[in-house]
Amino acid sequence: MSKAGQTRGRGRPRKFDERAVRQTIMETFWQKGYAATSLDDLSKATGLVRPSLYAAFGNKEEMFLRAMDDFVIRVQGDLNRQVPRDATPEDALRIIYTAMLEIYSRAQARGCLVFSTAVAEAPTHPEIRSRLAQRLVQTDAQFRRLFDHIAPDAPEGARQAAAEMAAAVLHSLGLRVRAGTEADDVHGFIANAARSIAAGLTP
């Protein structure tokens, strides 16, 4: 077994674990960003030659778009296991933000792959910009569904406003981690934001 789950059967062409390779591609973009990641970097990290990468995953932009999707799936899986069904809005937000802080702070404080990396490429890459815009809408919607479930008595307008604010705080959290904000300050930011958003949901 070598990089990204490669295997070679006796007398057979080299095969690779697509899931492991996609994970490696995502990690590489997350660490270096889009512009600073070269095809040679991806080839070295995965152990695959360029023709194999192209054949399996497309060009560099297509690989980055896949990485964005893989990151979102990974994060959603983590969060779905974190929030208890009976959590209050403030507790739910604290749990979500703290879990995201742990993800964003891993390995050189990378922040969020989507909102810390894709934003810089959006003006010159229409497909990345489109995927980023979709993710903004999806994040608002995810928080709206959360508040519909745990704060159903709050006015509809309050739930929508809280969802948009909660999403904005999440985006800001990734930027603060990437900028190297002190841990105590980040935790204070999380506590204040969760409290303020929850207060807006009080009937």
Hey, are the side chains of R74 and M26 touching, using non-hydrogen atoms and a 4.5 Å cut-off?
yes

Rounded to the nearest 0.5 Å, how far apart are OG of S38 and NZ of K44?
9.5 Å

Distance col, row T46:OG1 vs E27:CD, nearest 0.5 angstrom, shows 13.5 Å

Taken in chain and number order and not counting sequence neighbours, the residues that satisfy salt bridge (charged side-chain N to carboxylate O under 4.0 Å, His left out) with D70 are R22

List the atom of L146, the atom of A92, and the distance in Å for their closest heavy-atom pair.
CD2-CB, 4.3 Å

For E164 and Q160, run side chain to side chain donor-acceptor pair (under 3.5 Å): C-alpha distance rounded to whole Å, both residues' side-chain angles, the deciding distance at 0.1 Å, then the answer.
CA-CA 6 Å; E164 293 170 358; Q160 182 61 32; 3.0 Å; yes

Kindly indicate, with the supporting measurements, whether the criterion salt bridge (Lys or Arg N to Asp or Glu O under 4.0 Å) is fulfilled by R131 and D69.
CA-CA 9 Å; R131 192 67 57 86; D69 291 341; 2.8 Å; yes

How close do A167 and D140 get, heavy atom to heavy atom, and via which atoms?
CB-OD1, 3.1 Å

Are V75 and L175 linked, directly or through other ILVMFWY residues, by side chains that come within less than 4.5 angstrom of each other?
no

Compare all side-chain heavy atoms of I95 with those of P84 and state whether any distance is below 4.5 angstrom.
yes

What's the spacing between I150 CD1 and R159 CZ if we round to 0.5 Å?
11.5 Å

Within 45° cone and under 6.0 Å: R178 NZ/CZ vs Y104 ring
no

Just do the side chain to side chain donor-acceptor pair (under 3.5 Å) check on S43 and D40 with the steps written out, would you?
CA-CA 5 Å; S43 178; D40 286 341; 5.8 Å; no

Is the closest side-chain heavy-atom distance between R195 and L93 below 4.5 Å?
no

With sequence neighbours left out, write down each residue that passes salt bridge (charged side-chain N to carboxylate O under 4.0 Å, His left out) with E156, or none if nothing qualifies.
R144

Selection residues 111-165 - residue pairs positive for ring-ring contact (aromatic ring centres under 6.0 Å, His included), sequence neighbours left out
Y34-H125, F115-H171

Could you tell me which residues satisfy salt bridge (charged side-chain N to carboxylate O under 4.0 Å, His left out) with E90, sequence neighbours excluded, listed by chain and number?
R94

Taking side chain as C-beta onward, heavy atoms only, is M63 less than 4.5 Å from L39?
yes

With the 4.5 Å side-chain cut-off for hydrophobic clustering, are L101 and F189 part of the same group?
yes

Give a yes or no on whether the backbone of G111 and the side-chain of W30 come within a donor-acceptor separation of less than 3.5 Å.
yes

For the CG atom of L113 and the CD atom of Q31, what is their distance to the nearest 0.5 Å?
12.0 Å

Under 3.5 Å donor-acceptor, E62 side chain and N59 backbone:
yes

Those residues that, when tested against Y97, pass ring pair (Phe, Tyr, Trp, His ring centres under 6.0 Å) (two or more places apart)
none

Please confirm whether the backbone N or O of L42 pairs with a side-chain atom of K60, one donor and one acceptor, at under 3.5 Å?
no

List for me each residue that meets salt bridge (charged side-chain N to carboxylate O under 4.0 Å, His left out) alongside E127, sequence neighbours excluded, and say none if there are none.
none

Distance check, rounded to the nearest 0.5 Å: L170 atom CG versus I190 atom CD1?
9.5 Å

Between the side chain of N192 and the main-chain N/O of G188, is any donor-acceptor distance below 3.5 Å?
yes

Spell out, as yes or no, whether a donor-acceptor pair under 3.5 Å connects the side chain of T202 to the backbone of A199.
yes

Reported CG-to-OG distance for the pair L201 and S196, which is rounded to 0.5 angstrom:
11.5 Å

Is there a donor-acceptor pair under 3.5 Å between the side chain of S52 and the backbone N or O of L48?
no

Are the side chains of V114 and F71 in touch, meaning some heavy atoms are under 4.5 Å apart?
yes

Note, V21 side chain near I25 side chain (heavy atom, < 4.5 Å):
yes

